[in-house]
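In what follows, chains carry the letters A, B, and so on, assigned in the order in which the sequence lines appear, proteins first and then strands, with residues in each chain numbered from 1.
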Amino acid sequence: MSDAPLPSHDFIREIVAADVAAGRRDGRVHTRFPPEPNGRLHIGHAKSICLNFGIAREFGGTCNLRMDDTNPTKEDMEHVDSIVEDVRWLIAGWAEDRLGLKLKGASPRAEGADFHLPAVGLRTLGVEPFFASDYFDALYELAVRLIRKGKAYVCDHTPEEVDRMRGAPGRAGEPSAHRDRSVAENLDLFAQMKAGRFPDGSRTLRAKIDMASPNVWLRDPVLYRIRHANHHQTGDRWRIYPMYDFAHGLSDYIEGITHSLCTLEFEVHRPLYDWILENLDLPRPLPRQREFARLNLTWTVMSKRKLLRLVEEKHVAGWDDPRMPTLAGLRNRGYPAAAVRAFCERIGVAKRENTIELGLLEHFVREELNRAALRRFAVLRPLKVVLVNLPEGHAEELSATNNPEDPSAGARRVSFGRELWIERDDFAENPPPKFFRLKPGGEVRLKNAYVIRCEEVVKDARGNPVELRCTADLTSKTGGATSNRKVKGTIHWVSAACALEAEVRLLETLFTVPAPDAVEDFTSVLNPRSLEVLSGCKLEPLLAEIAPGVPVQFERLGYFVRPQLQGKAEGEGGARAELVFLRTVTLKDARAKLAPGGASG
RNA sequence: UACCCGAUGGUGUAAUGGUAGCACAGAGGCCUUUGGAGCCUUUAGUGAAGGUUCGAAUCCUUCUCGGGUAGCCA
């Protein structure tokens, strides 16, 4: 879009640039984003997506979207569709031309001793993401090849035995009793494993590397395990399934990936990644794995396990609840994809553990929305104002700017009358120092209208203000020749005669502490006020025409959006208003700093 | 305990042997018919100790601290 970022110089891009400069792979760059379809994508994935697609974009390459679906007991089809949707949302208008997919149903063809599955673009008809499960045939053949070379064997030890015999960091493991089986016997056993003749857990295929390696991932790691389970893509065709380490590097190879970027916890797997590729005598150049630090954000949790728990225990309405750090949640909340991308661009990529302040994300959301959002008036907690010097039934039309940041957005007409709603917080009977809004005997500018003076406060039995009787200075009309009166404060308002009733949901962080991950049980610091539902809010009528998903600024309050996705955060009690808005993010509020508790809605 | 990785203001991230910079946050100011936006100024940093060098955030050594790894998860 409008973002023309300065060329990023993180260490990953330096590696890629150096490879290109050295003419490795003929200067070709091909990355991949390989989620496991067992949950929804979150802001942490956004970092990886922006990295992988950003590199593809900057180096004229492609980034394959691949489902890392090698474990049939943990993954399902439902998540595949939502992942594709989330990725496309995030890269839309930015890198969708870099998205690598494949022809529906295509799987790698063996050409000679090689396997290869090229990517096609989004514009090709009948496409779908890549699936590691598409490579099960190829992977099986490659495993057989490893056995033939004497570099893999079938092991009959139980999971407990394998675990014990692996040793520990600092203590060498001991070899499997079946480590030196003949190639013929291994081949036969592996074929029987494939045929489903053995129960789960009874045998594995293991790489023959080094049981004494200081790197435990090199101690004859399991390559294949038996799982009598149906797979969402391959049905009941397989009874053995490859492990991540065996499948991942080879999937990269099959797709012609040049740079395989993953998070730091895979760093110790890299020697195994390389070992598998190098011991198969593959004809084409090999992909290279590099690792970077994952994203952590304050005020939220990021682990799939914890997010799942929030959903399952119904602390939120679903994966796409606008309070969730999932991409669907952020989208539902009204965060523009461009803001998420700008955020990812800014946080950089490095190997150091990092926790980014939520405020930085919000900064980019505000920056994007300030540029794009139409301004409208909305009163969240209404207080009646009657202008006693106007005749009953007085009505006039005033002009209001749609977006001061964008003159092309033009202006609109707003109705003004004798009775108005203003924000309860914009009146104080006993104002603190530096209170610039309305007070008894005080004046304030009604934005786009008149300066008014509060003449009388009408109260209920308990002494709470229920109505302000004010006078308007009719010479002060905005835009008029004598409108230039200096008044300290300006407040927003909505004509009572025309106001729309609506429900407005105020969202706060899901947790009451900035580092919920550091707490023993993160559910113990859930924020009971993460969702506040206000009903009876008064909206400028034009707000009914704002489509779901389109951001709008309620002047002086923040950015709001009508919910757009399936899942809805449920309101507490009360009839559901027809019109619902939720708050994406507040405006930056200098007031809040002056007077604690002075912040409104 | 073994192996691997990391350490620069509050939070991130640059500087690739040559003036420690940028963003966010913070503070102060200007402007303002959004206490918004915008503009200006400003506080604050190389984990420690040695060494190499004319010169070290950067190279070397030792230490300290933090993270990762011992699934038939990814």
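- Side-chain atoms of A:Arg445 come within donor-acceptor range of the base of B:U33, with a qualifying N/O pair under 3.5 Å.
- In terms of polar N and O atoms assigned as donor or acceptor, the side chain of A:His9 never comes within less than 3.5 Å of the base of B:A15 in a complementary pairing.
- Pairing for B:C65 goes to B:G6, judged as Watson-Crick or G-U wobble with the two contacts each under 3.5 Å.
- The side chain of A:Ile356 lies closest to B:G12, out of B:G36, B:G12, B:C3.
- Listed nucleotides B:C73, B:U13, B:U69 differ in distance to A:Ala350; the shortest reach to its side chain belongs to B:U13.
- Residues A:Glu255 and A:Tyr135 bring a donor and an acceptor atom of their side chains to less than 3.5 Å of each other.
- Counted by atom type alone, A:Glu291 and A:Gln289 present one or more donor-acceptor pairs between their side chains at under 3.5 Å.
- Looking at A:Thr478, its side chain comes within 3.5 Å of the base of B:U33 through a donor and an acceptor atom.
- Among B:C73, B:U33, B:A37, the nucleotide with an atom closest to any side-chain atom of A:Glu36 is B:C73.
- When only modelled atom types and interatomic distance are considered, A:Arg294 and A:Asn354 share no side-chain donor-acceptor pair under 3.5 Å.
- Residue contacts for A:Thr204: at a heavy-atom cut-off of 4.0 Å it reaches a base atom on one of the strands shown.
- Residue contacts shown for A:Phe435 include a base, since a base heavy atom lies under 4.0 Å away.
- Among B:C73, B:A70, B:G35, the nucleotide with an atom closest to any side-chain atom of A:Val216 is B:A70.
- Out of B:C3, B:U69, B:U34, the shortest distance to the side chain of A:Trp217 is found at B:U69.
- Between the base of B:U1 and the side chain of A:Arg171 there is no donor-acceptor pair shorter than 3.5 Å.
- Judged by atom type and distance alone, A:Glu357 reaches the base of B:G10 through a side-chain donor-acceptor pair under 3.5 Å.
- The partner of B:C54, taking Watson-Crick or G-U wobble pairs whose two distances both stay under 3.5 Å, is B:G18.
- Contact annotation for A:Ser476: base contact, defined as any heavy-atom pair under 4.0 Å involving a base atom.
- When the C1' atom is used for both B:C24 and B:G45, the distance is 16 Å, rounded to whole Å.
- The side chain of A:Ile347 lies closest to B:G12 when the candidates are B:U33, B:G12, B:C72.
- A donor-acceptor contact shorter than 3.5 Å links the side chain of A:Arg412 to the backbone of A:Arg375.
- Judged by distance alone, with hydrogens and angles left aside, A:Arg346 brings a side-chain donor or acceptor within reach of the base of B:C22, the pair sitting under 3.5 Å.
- The base of B:G67 does not come close enough to the side chain of A:Arg352 for any donor and acceptor atom to sit less than 3.5 Å apart.
- Counting non-hydrogen atoms under 4.0 angstrom, A:Lys351 reaches the backbone sugars and phosphates but no base.
- Regarding the sugar-base torsion, B:G45 falls in the anti class, its angle being beyond 90° of 0.
- In this structure, B:A23 forms a base pair with B:U11, meeting either the Watson-Crick or the G-U wobble geometry with both donor-acceptor distances under 3.5 Å.
- Note that OH of A:Tyr140 and OH of A:Tyr224 are 8.5 Å apart. Values are rounded to the nearest 0.5 Å.
- Set against B:A25, B:A70, B:C72, the side chain of A:Lys588 has B:A25 as its closest nucleotide.
- One C1' atom belongs to B:A56, the other to B:G51, and the distance between them is 11 Å to the nearest Å.
- Using a 4.0 Å cut-off between charged side-chain N and carboxylate O, A:Glu267 and A:Lys351 make a salt bridge.
- Among the nucleotides B:G67, B:C72, B:G36, the one closest to any side-chain atom of A:Ala590 is B:G36.
- Side-chain N/O atoms of A:Glu353 and base N/O atoms of B:G12 include no donor-acceptor pair closer than 3.5 Å.
- Comparing atom distances between the A:Asp10 side chain and each of B:U13, B:G71, B:A14 picks out B:A14 as nearest.
- Residue A:Ser483 is in base contact, counting any heavy-atom pair closer than 4.0 Å across all strands shown.
- Remark: A:Arg290 CZ to A:Arg13 CZ distance equals 16.0 Å, nearest 0.5 Å.
- As the counterpart of B:G38, B:C30 is assigned, both hydrogen-bonding distances of the Watson-Crick or G-U wobble pattern falling under 3.5 Å.
- On a pure distance criterion of 3.5 Å, no polar donor-acceptor pair joins the side chain of A:Glu267 and the base of B:U69.
- The side chain of A:Ala168 lies closest to B:A70, out of B:A74, B:A70, B:C72.
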